[in-house]
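Below is one structure; the comments refer to it alone.
A, B, ... follow the sequence lines: proteins, then strands. Residue 1 opens every chain.
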Number of protein chains: 4
Amino acid sequence: MKFVIDERGKKYILSDEIDFQSDLGIIKKEDIEKSDIGDNLITHLNKEFKVIKPNINDFIELMNRQCSILIQKDIGVVLAHTGIGSGDKVVDAGTGAGAILLHFGNVVGDSGMVYSYEIREDFAKIAKENIDSFGLTNIQIKNKDIKKGIDEENIDLVFLDLIKPYEIIEDAYESLKLGGWIAIYGVYLDGIQISHRILKKVGFKNISIVETLNREYEVRTHGIRPKTRMVGHSGYLLFARKL
Amino acid sequence: MKFVIDERGKKYILSDEIDFQSDLGIIKKEDIEKSDIGDNLITHLNKEFKVIKPNINDFIELMNRQCSILIQKDIGVVLAHTGIGSGDKVVDAGTGAGAILLHFGNVVGDSGMVYSYEIREDFAKIAKENIDSFGLTNIQIKNKDIKKGIDEENIDLVFLDLIKPYEIIEDAYESLKLGGWIAIYGVYLDGIQISHRILKKVGFKNISIVETLNREYEVRTHGIRPKTRMVGHSGYLLFARKL
Amino acid sequence: MKFVIDERGKKYILSDEIDFQSDLGIIKKEDIEKSDIGDNLITHLNKEFKVIKPNINDFIELMNRQCSILIQKDIGVVLAHTGIGSGDKVVDAGTGAGAILLHFGNVVGDSGMVYSYEIREDFAKIAKENIDSFGLTNIQIKNKDIKKGIDEENIDLVFLDLIKPYEIIEDAYESLKLGGWIAIYGVYLDGIQISHRILKKVGFKNISIVETLNREYEVRTHGIRPKTRMVGHSGYLLFARKL
Amino acid sequence: MKFVIDERGKKYILSDEIDFQSDLGIIKKEDIEKSDIGDNLITHLNKEFKVIKPNINDFIELMNRQCSILIQKDIGVVLAHTGIGSGDKVVDAGTGAGAILLHFGNVVGDSGMVYSYEIREDFAKIAKENIDSFGLTNIQIKNKDIKKGIDEENIDLVFLDLIKPYEIIEDAYESLKLGGWIAIYGVYLDGIQISHRILKKVGFKNISIVETLNREYEVRTHGIRPKTRMVGHSGYLLFARKL
């Protein structure tokens, strides 16, 4: 797999095993295989494609997905609020397309590990292919129902993006290490409110609920201004800690 | 150093070298030294302090600082947008109190490295002590003016929190690897606008400007609602990529 | 009653019937009585107080109140969304301190009328005094429970700021003219959601729910920026129309 | 002119002088002329159109316009912040399509007056037709350049929606009564910042800058949530007062 960008800034993932065809021309698979980061691949129409090292977001942008993904603004809040990092162990459910999962794998590194539960076989399969394709070896996709129990112990973060996250809260508490975090993503305040009550009952501390609004700005001739359109809502995040 | 939490949820950093004194009683240094994560330390007034493994945010909350720090909402945007992770190399300036710096160290892990430039000797010294105290070995504080040049090459992220970040943009471009990001934090749109122009001139791509609003919610008897007070502004973030 | 402003920008309501005393000196009641808008009243310490025509917000700022008031950002949404104006008839409940009530009186003018229901005698009394003091003659305070029924017909706007607004929705529908609006203010989404369901059941159209965030900016030496603190929440507004 | 709404909730303005044709059938001009508010007009296809009294927003929604209009959220802030109401005198420039102008006319009533300056003849003509059509008699459109001077005195509010509002600030100060407000709408902070400086220099008080974010909510089967899309930006409002 090689990650390239054309002269217009468009990104592509190229396979070493088939010739690449585009409106800017053809690149032979032999050329793709031999190329290194920083090289320029030239099409038969003499157009340049630059080989770059993809980062996690390039990959998420292009990867195969069959369901909606968590957006960057929410992923950022989870990373910063829980302080998850090198060497940490994370449990994630459900896997979905695996966007935040790839971010978890990216920050916990080789000394850490991410276990992701996904009840749907098709989603689990795609997520597994995506992870293999990106080359992360610290993520394990588990095609099973997290409601049946969490196998892992001494976890730093349990992240739940489920219809009924509150069913998992007790198990999450058991699986977390002292000081570990639970983070719950939900589109409706109603579900967040139920989870909040259960978190309290189970004994979690430092409970907080947050939503994030991101505004993008644009620079025009007359000055700088927020863009006319923005994302009005993705979801709420509920955090709590085992202390 | 041990990180403990009392029965009210208040956090403390305890030194192994001196007895700890608080309104809940005294803990002897010998007891502190012998304690492990998960243990309870008991004061002479019979109050419990639980020993936990601090995460990065616990540490930032308690660490010594003489200037304002980047807040979580902005740190999260930087982490998620640039996709910085295990094995990456980061250049940071100015160090300040080192809050985002610790987060960088936390996610790049042992295979990564963070170089932080700070012109003020006092700030550099405190930041160094903080990093040593937390035990991160992948961060190097450089007490020099980044305007004099960036020594490192092949960098994944250059993060600038400076009065005049636009003076560093050309050097940042040189030091970045292909596909690397620059992220600039600024309190005023005026400075962001100047930097935006320079980024374009120097040849950066994927330029975007974002500000984040975080709303916290609280659960009361009558239901759930946003908190009355919120942070109206911290700063703007400007991102661009070498492609 | 005269409305004055001192040299520091501080505002006062002066009575014609008693001498005015302040840290800037005394003004005799005879002088207050004789003064006109634009005049300067001079204290015995030779300090100037300028007599101005108060607008509705000056008055709300200084008036006697024993409960919290609707803030400008929410009053503005009600005025703009319902398009209430000259000659319109408004029903309001509960009166509370009467801030939005005064705005209603201000925009419907002499050809319009506002009827305000308040169950608490003490609140009704203060609101009545406030209205008389400001000189509006198109507002009638009714010290009765709106749950017992709305006496008025052919109303342009029914505005409800009550604990259980949904109990009034059927009666509101009856009292409204064709094309008239109902506006409900609520601090929690839970109550808004119940009202939303009832509005639909009763046959209201053009139902919408809105919350407003106001950000203030400040100009400093280095540029312009949002203020650090902002109001994170006051309440939600639910609008619907009889069509 | 009659304002009607069909069975689907769609709104129309009907002329008394021509037959009305739609996909739901034809209504004869004689029927239109005879109809009163609350009547149902029946098409030759037996479809009902209800005659209602349009409010200001119905009219703005349907009126002829050749340029963008101020949106409700910003109109609301102007109305609430300046407290403009019955009997007040307003100067407005430029007229544009006249949306906020109609709101001003609506709240100042028969005892108030609105003077609107518009340099472009085509815009002035359309605005005049719109006002006549809605039936407001307290608005005077002036097809002249406000930079040449403001003819009116003793004004309660000067509202400016111009490219270079700062050129008018001195004249605005002269034309305002003591206690009167100036309100400036601008898309870019850059222009707002210049105006802010001039306002201060000219002697205005109570200067404030505000932007408003409106979030709409929707009720779904699973609960209530903010809509996915929202308006990220319309403009900033700058207020100041002559005191």
task = Could you please spell out the steps behind the side chain to side chain contact (heavy atoms under 4.5 Å, CB included) verdict for C:Trp181 and D:Asn55?
result = CA-CA 10 Å; C:Trp181 285 94; D:Asn55 84 356; 3.3 Å; yes
ask   = Under a 4.5 Å heavy-atom cut-off, does chain C meet the side chain of D:Asp110, its backbone, both or neither?
value = backbone
inquiry  = Which atoms of D:Asn57 are under 4.5 Å from chain C, going by heavy atoms: the side chain, the backbone, both sets, or neither?
reply    = side chain
query = chain D contacts: which residues in residues 223-237 of chain C have a non-hydrogen atom closer than 4.5 Å to it?
reply = C:Gly223, C:Ile224, C:Tyr236
inquiry  = Quick one, D:Tyr217 and C:Leu189 - any side-chain contact, counting heavy atoms below 4.5 Å?
reply    = yes
query = When you look at CD of C:Glu170, are more than 12 heavy atoms from neighbouring residues, nucleotides or ligands closer to it than 6.0 Å?
reply = no
C:Val78 versus chain D, the contacting section by heavy-atom distance below 4.5 Å = neither
query = Side chain, backbone, both or neither: which part of C:His81 has an atom under 4.5 Å from a heavy atom of chain D?
reply = both
request  = Can you see which heavy atom on C:Lys53 is nearest to which on D:Arg241, and at what distance?
outcome  = O-NH2, 4.4 Å
inquiry  = Could you measure the distance from the NE2 atom of D:His196 to the CD atom of C:Glu218? Nearest 0.5 Å is fine.
reply    = 9.5 Å
ask   = Highest number of heavy-atom pairs under 4.5 Å with chain D: which of C:Thr82, C:Ile37, C:Val77?
value = C:Thr82
ask   = Counting only heavy atoms not in C:Glu153, do more than 12 fall under 6.0 Å of its CD?
value = no
query = Tell me, side chain or backbone of C:Asp74 under 4.5 Å from chain D's heavy atoms, or both, or neither?
reply = neither
query = Checking heavy atoms, do the side chain of C:Ile100, its backbone, both or neither come under 4.5 Å from chain D?
reply = neither
remark   = Between D:Gly83 and C:Asn106 the two heavy atoms that sit nearest each other are O-ND2, 2.8 Å
Top contributor to chain C contacts, counting heavy-atom pairs under 4.5 Å, from D:Leu238, D:Ile84, D:Leu79 = D:Ile84
query = Could you name the residues of residues 200-209 of chain C that have a heavy atom within less than 4.5 Å of a heavy atom in chain D?
reply = C:Asn206, C:Ser208, C:Ile209
Among the listed options C:His103, C:Gln72, C:Lys50, the residue most often paired with chain D at heavy-atom distances under 4.5 Å = C:Gln72
ask   = In Å, rounded to the nearest 0.5 Å, how long is the span from CG of D:Leu213 to CZ of C:Arg215?
value = 7.0 Å
note = Output for pair (C:Leu178 CG, D:Ile52 CD1), nearest 0.5 Å, gives 6.0 Å
note = Between D:Gly109 and C:Ser86 the two heavy atoms that sit nearest each other are CA-OG, 3.3 Å
query = Quick one: of D:Asp58, D:Ile56, D:Ile75, who has the most non-hydrogen atom pairs under 4.5 Å with chain C?
reply = D:Asp58
ask   = Under a 4.5 Å heavy-atom cut-off, does chain D meet the side chain of C:Lys11, its backbone, both or neither?
value = side chain
request  = Sort D:Ser111 into side chain, backbone, both or neither according to what part of it lies under 4.5 angstrom from a heavy atom of chain C.
outcome  = neither
